[in-house]
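Below is one structure, written out as structure tokens; comments come after it.
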Amino acid sequence: MFTRRVSTEVHEFDGVFFGSPAQFKVTSVIGHVFSVDFPPKYQDWAATDPLDLFEAQIVKNESNPKAHICRHLNQEARGCRYLVLWLDCDREGENICFEVIQSTGFNIKDTYRARFSAVTEKDVMKALDNLSTPNRDEALAVDARQEIDLKVGVAFTRYQTSYFQGKYGNLDSRVISCVPTLFCILLLLVIYLVLLRALLKASKVEALTIMDCDILLVAAYFSYGPCQTPTLGFCVQRYLQINTFKPEKFWSLHPYIIFQGYEIQLEWQRGRLFDKTVAMMFQKLVAEDGFLEVTEISEKQETKGRPVGLNTVNLLKVASSALGFGPHMAMQIAERLYTQGYISYPRTESTAYPPSFDFRGTLSAQANSPTWGSYVQGLLANGYHKPRSGTDVGDHPPITPMKSVTEDTLGSDAWKLYQYICQHFIGTVSPDCKYLRRKVEFSIGGESFHCTGHQVIAKGFTAIMPWLAINDKNIPSFTKGQKIEVSKLELYEGTTSPPDYLTESELISLMEKHGIGTDASIPVHINNICERNYVQVQASRRLVPTTLGITLVRGYQSIDPDLCLPDIRSFIEQQITLIAKGQADHHCVVQHVIQQFKQKFSYFVKKIEDMDALFEAQFSALTDSGRAMSKCGKCLRYMKYISAQPTRLYCGTCEEVYYLPPMGTIKLYKELSCPLDNFELLVCSMPGPEGKAFPLCPYCYSNPPFEGIESLINTVKNGPSGKIGKGAGMPCTLCPHPTCPNSLVSQGVCACPECSGTLVLDPLSAPKWRLCCNKCNCLVFLAQGAHRISTTKERCPECDSSVVEVDFNKKTTPLEDGSTLHRGCILCDELLHSLVEMKHGRGFRRMGSRGGRGRGGGRRGGYRGRGRGKMVDPKMSFRDF
């Protein structure tokens, strides 16, 4: 066995393939190899009419170019005879199969598909013995959804972002950064180990085995999504029901009796009345009679059925309502449990077990559990029950535990989810819960009342799922015709109450009912509307829409209600399912849906003022927002600082918006001006005692004047006007201006020992002087208590760092002759180096002996003028819309 690391790990070992000795290579991908996007000519927001996007050709680019997965697959496939694909067994996995085939160049005749539902030796070996071919129709269904979501989502998002962005001062149109989240990495290791153990001999034949490690990419502006917006619509619809609800008073009769030591409140057959006069009339009739007569006694054995198999949607509901996990987090935990081999594949719509399912083997794996092992042993000894018939949609078996594990191994959150999955599975093969239900009916004054009692005969599955248990409720023994005096008669007055805000569990049910999203994408849609500030998750995981979310939906409703109703998306999902089944043509479905949305988009553009009127009523105009802070370099008038996210400055004269760092406190910086554009400088101070502070020019921050600066900012020009995106820009600590006293050239001291950045003097840190890295969180504290520390134009001859000048306090000066002024390099000067303290880093030592990187690592000559580079839009692949 041999393992090496390239783009992803490659494991090579000997085994048997189709009865012949073989050499295996096992490697992996990171989610989708390719993502859909528009060609470069459509990337410029300002030069592209969003309407043209509906007819634009789309291209597939490598999803993660830095990982070089496509090149990696192509190189590893060289010399291999067969390709075996071990991707997730769903539509997305099928689509990735064909991406891998494209990358490797394999002939489809030499390509095999392994289908499995759990990462265990038994399941992996069974899949290897029953290899099939990839399903082209299911892959095309994903292609169709990707193209529809990209074109519709980007067109609407670009248009309404360009229209509303910067127009209102207190409008929180939050930007979500692209953060990759990897899972399934252990799938590679587990399958590889299983194959290695089972396959023994070598030969000249080689097989390349590919597995999947998914990646989740979230990106948004002022976004619209064919799934996201109807999801938000459900939340806003419930909000409107609550706001328009009119409470009504009602009255109900509650007679009480005391019999055989029990005080019992009887229930009125009429329930409640909304007319007080009529209710008081019935109260009088009952009071005048005074005695209840037993008219009927019934006793019946009833059954509470054990649950059906657990599918993804039901798991997400329970996780939110009972375990306190949001759907997104619950899915991440479930995926991690799956890759570790503790549960079966967590994305399934089926609740029916296949006929070949090994119930005894799955139960036996839990027989030694310290939590429920004794209960499982009883089931194995006395005979387990066949699960109830569920729904089989032909994808994967219900979610089940695959092996036993303890809480100490998993941790608190993962254990809660694993525990529920185990209890649910054990419950499906347990007996039903049986109980005796007794009902006694009474009559008085012509009115009927009753009381009921329960007595559990057999706990059944509720012994392992106690939260579903039937509680005993004892009532005394009555005789038909018996008369009992009323001890108390109450006319209860109540008020109807509105429904509460939707819980995540209720929202999931609505999405499932209306066909919004899939079992895999439902958590993503809910997470999106939360992160984009359309709804907020409050107590009991209830989703309360924000003013922004409400106004958006009301705006869609005023123009075209279809844009936020579930009907269209439900239709699209039905058509995509037909593609997956081979019953509809991929091209025809895509063209039909795109043309429908193109017409809706044109009408939306014509009527956008209807939505704008709602925004005007809810949000303040930019000219009425903020407070005066600094002068504009163009008109020399004061600009207004708007603290609502995204933080920005607004010049009412020039009608220009300048975005600022999203975190920290913004203040005027000594009334200094930028030598490039005459804008007054600001200083941004991050919170906390060790938070960094750095100066910035509002104009340079939003419009970096030097080409190539994007690589240092670690961003791209992505705004609708080609500007640097909100929250990322060029502060003075990155500016290569040669003469500005606040630039990197003037204030930079030496290279950061933690990254490729530069340690820059924080001029506002006195008396706790420090250097801050302009890229990472590294802090270097200098001579504490000094009167002044400043950089000089001198360079250290040993390491090329800037020489600093320190003016020590007379009382604490470390200089032997009592003088206070000292110049030196903080790396090479013995005195200054002894006073250095580093935080947030691995260590801080001299660099002169190894040549050092000096100030900025030689990057200062890499910029050119104040020209404008090519505007590049980020990939807006709404794959998980």
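- Taking the six-membered ring for Trp and thresholds of 30 and 60 degrees, His592 and Phe571 have ring planes more than 60 degrees apart, a perpendicular arrangement.
- A donor-acceptor contact shorter than 3.5 Å links the side chain of Ser162 to the backbone of Arg158.
- Closest non-hydrogen pair, Asn528 versus Gln228, comes out as CB-OE1, 4.1 Å.
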Apply side chain to side chain contact (heavy atoms under 4.5 Å, CB included) to residues His396 and Ser344 and explain how you reach the verdict. CA-CA 9 Å; His396 293 277; Ser344 62; over 6 Å; no
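- In this pair, Tyr112 and Phe18 present their aromatic rings perpendicular. The plane angle is above 60°, beyond the 30 to 60° band.
- Contact of the Phe54 side chain with the Gln595 side chain is not registered, since no non-hydrogen atoms from C-beta on lie closer than 4.5 Å.
- The CG atom of Leu85 sits 9.0 Å away from atom CZ of Phe98, with the distance rounded to the nearest 0.5 Å.
- Residues Ile421 and Leu310 form a side-chain contact, since some pair of their non-hydrogen atoms from C-beta on lies under 4.5 Å apart.
- Neither side chain, Thr27 nor Arg4, offers a donor N or O lying under 3.5 Å from an acceptor on the other.
- Considering all non-hydrogen atoms of both residues, Ala334 and Leu315 come closest at CB-CD2, 4.3 Å.
- In this structure, Thr8 OG1 and His72 NE2 are separated by 3.5 Å, a value rounded to the nearest 0.5 Å.
- Residues Gln43 and Asp37 have side chains that bring a donor and an acceptor to within less than 3.5 angstrom of each other.
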The test is side chain to side chain contact (heavy atoms under 4.5 Å, CB included); show your working for Gln102 and Phe34 and say whether it passes. CA-CA 10 Å; Gln102 178 183 340; Phe34 301 106; 4.0 Å; yes
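- Between the side chain of Thr104 and the main chain of Val100, a donor-acceptor pair closer than 3.5 Å is present.
- Inspection of the His32 and Glu92 side chains reveals an N or O donor paired with an N or O acceptor under 3.5 Å.
- At a threshold of 4.0 Å, the pair Lys60-Glu147 does not count as salt-bridged, since none of the basic side-chain nitrogens sits closer than that to a carboxylate oxygen.
- Within 6.0 Å of atom NZ in Lys600, more than 12 heavy atoms from other residues, nucleotides or ligands are found, so the atom counts as buried in its surroundings.
- Contact check on Asp149 versus Arg569 returns a salt bridge, with a Lys/Arg side-chain nitrogen under 4.0 Å from an Asp/Glu carboxylate oxygen.
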Any chance you could lay out the side chain to side chain contact (heavy atoms under 4.5 Å, CB included) test for Phe597 and Ile572, step after step, and finish with the verdict? CA-CA 11 Å; Phe597 270 104; Ile572 294 173; 3.6 Å; yes
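- With rounding to the nearest 0.5 Å, the separation of CG in Asn95 from CD in Glu99 is 5.0 Å.
- Counting all heavy atoms, side chain and backbone alike, Cys89 lies closest to Arg113 at CA-NH2, 3.7 Å.
- To the nearest 0.5 Å, atoms CG (Asn777) and SG (Cys755) are separated by 9.5 Å.
- Under the 4.0 Å criterion applied to side-chain N and carboxylate O atoms, Glu335 and Arg347 are assigned as salt-bridge partners.
- Checked by atom type and distance alone, the side chain of Ser570 pairs as donor or acceptor with a backbone atom of His514 at under 3.5 Å.
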